[in-house]
Amino acid sequence: MTTPLNYIKIIHCIGVSREYIILNTIVAALMAVLLLILIIVFLTLVVGVARSAMSSYWLTPRRIKKAMERQGVCGPTPKFLVGNIPDIDAIFAMAKPKDSDVDSTISHDIVGHLLPHYLLWSKQFGKRFIFWIGREPRMCLTEINLIRELLMKHSTTAGRSWMQRQGTKHFIGEGLLMANGADWHNQRHLVAPVFSGDKLKRYAQFMVELTEKMMRDLESAVRGGQTELEIGQCMTQLTADIISRFEFGSSHAKGKQIFHLLKVLQDRCAESSHHFCFPGSRFFPSKYNREISSLKMETERLLMEIIQSRRESVEAVQDGNTSYGDDLLGMLLNEMHEKKVGGAGGSDFNVCLQLIMDECKTFFFAGHETTAVLLAWTIMLLASNPSWQQKVREEVVRVCGGQPIGTGHLPKLSLLSMVINESMRLYPPALILPRMALEDIKLGDLFIPKGLSVWIPVLAFNHSEELWGEDADDFNPGRFSSESCSPGKFTPFAMGPRNCIGQSFAMIEAKIILAMLISRFSFTISENYRHAPVVVLTLKPKYGVQVCLKPL
Ligand code: HEM
């Protein structure tokens with residue numbers, strides 16, 4: 001029987017469940033709205049990713065391909081995602097000399113081994129042709145007037161491609177070499193004073209000092225019975241010491257430790273690029289990626305230690321002297337201090353520190369191996385051409401007159417300059433000059449759409465019979481004697497506002513080292529030398545350069 005009390009209870013229950021139902025409905029409605037928002041966000045993301053993938057893998061390449069076809073620039077048919085990479089691999093596999101074919105005969109006719117795809121496609125498609133590295137289109141450009149125009153006028157509108165920057169970001173970062181547009185312009189101005197005339201004179205002094213030490217080591221090695229050695233390794237060591245002193249001054253011992261890590265990092269990045277090339281593979285926590293990130297962290301930790309100790313010594317000085325030093329690192333820190341960037345700990349400050357660290361990595365990369373390989377090739381050429389070796393030796397003796405070499409002697413060493421130029425012509429350390437159009441560019445009769453990379457095959461020019469005559473593949477430094485080289489014909493350091501900022505540094509360094517070596521030793525090429533030029537970022541002797549040294 002329903003008592004009044006029970007009745008009240010039932011009414012109450014119905015009331016509660018009604019509220020409960022209303023509450024439930026509101027919650028369900030909210031959940032539905034939330035779900036809808038999530039679905040919309042998810043779909044927007046998917047559409048965004050799909051659009052950008054569509055644009056970079058399909059629409060942009062198609063636009064560039066069509067724009068170039070309209071101008072009569074064609075090339076091998078690219079495959080989806082991989083472009084012409086498989087074709088290039090196949091062409092290289094056919095052109096590559098087998099190790100058993102590599103012997104001690106020295107032929108400078110190397111374009112067929114090192115740029116076989118260029119030779120094949122330029123015959124098939126003409127002077128301008130386009131090919132694809134994955135989704136990145138590259139146009140080979142060989143007309144000197146257009147190259148000149150590109151390098152002279154388009155330093156901010158043509159720069160580094162996404163692929164180049166991505167491939168080098170761990171061991172170079174955003175430093176000068178990889179910067180683009182206004183960032184590049186600002187960084188170039190920031191760094192330029194390090195290469196002023198009086199500073200170069202000072203660098204020449206420590207170049208002589210460090211070379212003298214190497215000469216003494218070589219002399220004692222020879223005295224100890226080691227008459228044959230791999231000189232490429234010695235040059236790598238010496239140029240690393242020099243660039244370390246240039247960047248880190250008195251802290252160069254720690255600098256060398258950093259350079260060792262950077263070298264390993266560079267090698268790991270090169271290896272990993274062969275293993276993981278599917279889209280997004282850089283995010284994959286593979287063995288390579290883990291090793292790369294720990295090497296990078298260790299390098300930056302050591303760099304920060306040097307920076308920190310410089311800051312501490314500046315803070316400890318009471319007399320108002322706030323100089324961080326006059327090496328590259330000190331100069332960059334001084335600049336940051338003058339601008340009082342954001343105060344310590346601020347985000348600008350951290351951005352600046354990262355840029356300084358990237359600049360240190362950049363200069364190691366750009367200024368070390370290039371000079372080391374130039375020296376190795378030049379010594380190989382002089383060792384296998386005794387008459388030129390003797391002529392250069394006589395010139396050094398005549399110019400220096402028994403005095404220690406100094407910057408005043410260098411401009412008078414014209415035969416040595418000719419030999420160095422001929423060495424860079426036959427074996428250019430940087431054998432390709434790449435530039436990507438960051439905007440649409442008009443170049444003579446040619447329209448270069450944004451996103452197209454221009455690929456300048458320096459090595460092929462340097463061996464072209466059309467430009468250098470029938471003896472283009474011979475060692476003949478005499479060709480640089482009086483001839484004022486037509487502009488654009490010989491560009492080992494590139495040209496225009498974005499040329500090699502360390503050009504004078506490199507030439508001073510190469511001249512000092514070669515002049516000191518040639519006046520202390522005579523050298524011949526060893527019968528163990530195997531001539532095998534190979535490209536690993538720069539053009540290197542694969543098995544080193546074995547020479548027999550005889551003290552004079
Ligand atoms: C034989 C030695 C060298 C050769 C053949 C060489 C060659 C080159 C070339 C061809 C470029 C232009 C690259 C391009 O535009 O794609 C370049 C840029 C550069 N080089 Fe060198 N280089 C040498 C030594 C040095 C040295 C010793 C340093 C530093 C001390 C250095 C620092 C740089 C830097 C920072 C850049 C980037 C410049 C910019 O983008 O504004 N190079 N080098």
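Ligands are counted one by one from 1 in listed order, and the atoms in each one are counted from 1 as well. Starting from 1, each residue takes its place in the sequence as its number. Please read these numbers as outputs of a predicted model, since none were measured by experiment.
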A.B. asks: Taking 2.8 Å as the limit, list every protein N, O or S atom around atom 21 (Fe) of ligand 1, by chain and residue number.
C.D. replies: C500 SG
A.B. asks: Using a 4.0 Å cutoff against the non-hydrogen atoms of P434, which atoms of ligand 1 qualify?
C.D. replies: 16 (O)
A.B. asks: Relative to the heavy atoms of N499, which atoms of ligand 1 are at a distance of less than 4.0 Å?
C.D. replies: 38 (C)
A.B. asks: For ligand 1, which atoms, with element, lie under 4.0 Å from some heavy atom of I243?
C.D. replies: 30 (C)
A.B. asks: Could you say whether the N/O atoms of R435 and ligand 1 ever approach to under 3.5 Å?
C.D. replies: yes
A.B. asks: Which ligand 1 atoms, with their elements, are less than 4.0 angstrom from a heavy-atom of L433?
C.D. replies: 10 (C), 13 (C), 14 (C), 15 (O), 16 (O)
A.B. asks: For atom 1 (C) of ligand 1, what's the nearest protein heavy atom and its distance?
C.D. replies: L374 CD2, 3.6 Å
A.B. asks: Is it the case that the ring center of W455 lies less than 6.0 angstrom away from the ring center of H117?
C.D. replies: yes
A.B. asks: Return the set of residues passing salt bridge (charged side-chain N to carboxylate O under 4.0 Å, His left out) with R425 (not counting sequence neighbours), or none when no residue passes.
C.D. replies: E422
A.B. asks: Name the one of K199, R310, R202 that satisfies salt bridge (Lys or Arg N to Asp or Glu O under 4.0 Å) with D327?
C.D. replies: R310
A.B. asks: Is it possible for you to check whether K540 lies under 6.0 Å from the centre of the six-membered ring of W377, through NZ or CZ, and within 45° of that ring's axis?
C.D. replies: no
A.B. asks: Under a 3.5 Å threshold, yes or no: a donor from one side chain and an acceptor from the other, between K511 and S417?
C.D. replies: yes
A.B. asks: To which protein heavy atom is atom 36 (C) of ligand 1 closest, and what is the distance rounded to 0.1 Å?
C.D. replies: L177 CD1, 3.6 Å
A.B. asks: Decide, yes or no, whether a salt bridge links E247 with K361 under the criterion of side-chain N to carboxylate O below 4.0 Å.
C.D. replies: no
A.B. asks: So, Q354 versus D358: side-chain donor-acceptor pair below 3.5 Å or not?
C.D. replies: yes
A.B. asks: Closest by any non-hydrogen atom to atom 10 (C) of ligand 1: pick that one out of P492, A372, G159.
C.D. replies: P492
A.B. asks: Quick one: which ligand 1 atoms are inside 4.0 Å of a heavy atom on A494?
C.D. replies: 10 (C), 12 (C)
A.B. asks: Side chains of S196 and D198 only: does a donor on one sit below 3.5 Å from an acceptor on the other?
C.D. replies: yes
A.B. asks: Hey, does W184 come in under 3.5 Å of ligand 1, counting only N/O atoms on both sides?
C.D. replies: yes
A.B. asks: Answer yes if the side chains of S161 and E136 hold a donor-acceptor pair under 3.5 Å, and no otherwise.
C.D. replies: yes
A.B. asks: Taking it one step at a time, do I110 and H463 satisfy side chain to side chain contact (heavy atoms under 4.5 Å, CB included)?
C.D. replies: CA-CA 8 Å; I110 55 173; H463 287 256; 3.9 Å; yes
A.B. asks: Is there any N or O on R498 that sits under 3.5 Å from an N or O of ligand 1?
C.D. replies: yes
A.B. asks: Quick test: of every protein heavy atom, which one is nearest to atom 29 (C) of ligand 1, and how far off is it to 0.1 Å?
C.D. replies: F363 CD2, 3.6 Å
A.B. asks: Would R530 count as a cation-pi partner of Y543, with NZ or CZ less than 6.0 Å from the six-membered ring centre and within 45° of the ring normal?
C.D. replies: yes
A.B. asks: Between R160 and ligand 1, which part of the residue brings a heavy atom under 4.0 Å of the ligand: side chain, backbone, both or neither?
C.D. replies: side chain
A.B. asks: Taking both backbone and side-chain atoms of R188, is any N or O found less than 3.5 Å from an N or O belonging to ligand 1?
C.D. replies: yes
A.B. asks: What closest approach, in Å, do L176 and Q187 show between heavy atoms, and which atom pair accounts for it?
C.D. replies: N-OE1, 3.1 Å
A.B. asks: Before we go on, tell me: are the rings of F248 and F363 under 6.0 Å apart, centre to centre?
C.D. replies: no
